[in-house]
Amino acid sequence: MTQINPASPVLVTGGTGYLAGVIIAQLLGKGHVVHVTVRDPDQREKLKHLEAVAAASPGSIRYFRADLLNPDAFAPAMAGCELVIHTASPFIAHVEDPQRDLIDPAVEGTRNVLAAVNATETVRRVVLTSSCAAIYGDNSDIAGMPERRLTETVWNTSSTLGHQAYSLSKTRAEKAAWDIVHAQSRWDLVTINPSLILGPGINPQASGESYSILTQMGDGTMAAGIPDFRIGAVDVREVAAAHIAAGYTPEALGRHILSAHDTGFVEISALLREHFGDRYRFGKSILPKFLVWLIGPMINPALTRKMVSRNVGIPFTADNSKSREALSISYRPLAETVTEHFQQLIEAGRIKPRA
Ligand code: NAP
């Protein structure tokens, strides 16, 4: 049981990120003092959405410069904090060097943040943004589970540096965090393991993977056919609320799957078409698996033939009962998440209607 004093400042790492922006906005809305690390606080353009939210909220914000690979960067930002929410980690589909671009910042970054936690006497709890990718890489990870069901007991054992390196980065980072917390007793760790996060963020021009997937649904990329990727999806507002509940619920413990809907690209595209009609270039039919296998790697280097063979068209389910019971999360309908997110892209001029 860890009671966090809500009047003490809370640190959120990776403040320029899609998810972090919504977490920070919710914390500011509740009146918290939020310390935020960013790689470069002098890039005011990247902070202007946070600035606007802070100006309209009862809480307050302070920025600190911190790169994940700098072991000395996080202690100044943590001073006086009882709660640390560590979201920063590269979420990039295209990388040149997976060790340098994904594994090192995710794993060394987590070690650096937690070394600073060990050195900061005030910290009592860390909430780590992990991922369903740390639970599940290929479908084979859940082949033995009833209904191919993801639960908090499962770990990704199928990802390697050459195959789904992002998933490996999240698995290794979360494992490193559990090793570090178990070596001491002053602070505890709660992880949030979201599936694909969608829904409007605070920055309509955000460039992360969640934004690019939804953009590709409507810009014609999938007009010739939609790959039958089975995914879990969850709204960014629920994921943010779960981080905050994990921080301030004394009995919160262990991993939490945040996944609202067992769905797929085909269903999401159909929801968007139903709401926005044929004004946008949504796909209608499923792209046969052999074509995804054939052309996937040319469209997106993350769509390797091994990844496509092992995952496309194979359904799974995610057990979100712990998030509902332990963190009191209630999930909104998928249609609301994807249509509000898509509307944000339209208003930002990022998706053009048919000529
Ligand atoms: P995002 O918008 O790309 O945010 C990533 C954040 O990490 C950015 O603030 C980025 O800073 C920071 N970062 C990356 N490398 C860094 C480094 N070397 N030093 C300091 N900061 C660094 O991605 P997101 O979707 O919000 O993801 C946030 C977290 O949620 C990540 O841990 C991700 O693995 C996890 N997650 C995301 C999803 C999803 O569907 N989006 C699902 C499950 C889990 P810069 O702006 O300076 O690059």
Side-chain angles (χ1 to χ4, degrees), residues 12-25 36-50 63-71 73-74 77 85-95 100-113 127-137 150 156 159 164-174 177 191-214 229 231-240 242-243 255-260 268 318 337-338 341:
V12 181
T13 68
T16 50
Y18 164 51
L19 170 61
V22 182
I23 297 173
I24 295 165
V36 173
T37 61
V38 290
R39 260 199 267 207
D40 185 1
D42 297 328
Q43 282 195 4
R44 304 310 293 179
E45 182 62 25
K46 273 189 126 178
L47 300 181
K48 74 176 188 196
H49 300 284
L50 276 182
Y63 299 104
F64 297 83
R65 182 186 300 274
D67 190 292
L68 285 167
L69 294 173
N70 179 351
F74 289 93
I85 300 180
H86 176 39
T87 79
S89 196
F91 181 30
I92 319 165
H94 306 245
V95 291
R100 182 197 64 196
D101 300 336
L102 289 170
I103 310 292
D104 290 346
V107 181
E108 292 313 314
T110 297
R111 291 204 176 108
N112 287 336
V113 169
V127 177
L128 172 74
T129 314
S130 185
S131 173
C132 277
I135 292 181
Y136 161 102
L150 264 62
N156 176 345
S159 298
Q164 312 227 63
Y166 166 73
S167 302
L168 181 69
S169 79
K170 297 305 286 181
T171 308
R172 286 201 182 155
E174 192 191 325
T191 72
I192 300 297
N193 298 66
S195 57
L196 179 66
I197 305 173
L198 296 169
I202 65 164
N203 174 7
Q205 299 298 346
S207 59
E209 292 302 322
S210 296
Y211 273 74
S212 60
I213 289 171
L214 207 70
F229 279 114
I231 57 166
V234 60
D235 194 286
V236 67
R237 293 160 286 193
E238 268 92 74
V239 181
H243 280 76
R255 310 173 93 191
H256 299 78
I257 289 175
L258 263 282
S259 189
I268 291 175
T337 298
V338 298
H341 196 173

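Numbering of ligands and ligand atoms starts at 1, following listing order. When reading the values below, keep in mind they use all heavy atoms of this one structure, side chains included, and skip hydrogens, waters and symmetry mates.
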Legend entry - Neighbouring protein residues of ligand 1 - any heavy atom closer than 4.0 Å: G14, T16, G17, Y18, L19, R39, K46, A66, D67, L68, T87, A88, S89, P90, F91, T129, S130, S131, Y166, K170, P194, S195, L196, I197, S210

Inset, instruction - Rounded to the nearest 0.5 Å, what's the gap from NZ on K170 to CG on L128? Could you check? - result: 6.5 Å

Legend entry - Pairwise distance CD1(I192) to CD(E174) - rounded to 0.5 angstrom: 10.5 Å

Within a strict 4.5 Å, meaning less than it, do heavy atoms of the [X] and [Y] side chains meet?
| X | Y | result |
| --- | --- | --- |
| L68 | H86 | yes |
| F91 | S131 | no |
| L150 | S259 | no |

Legend entry - side-chain hydrogen bond (donor to acceptor under 3.5 Å, both in side chains) evaluation trace for Q164 with N156: CA-CA 11 Å; Q164 312 227 63; N156 176 345; over 6 Å; no

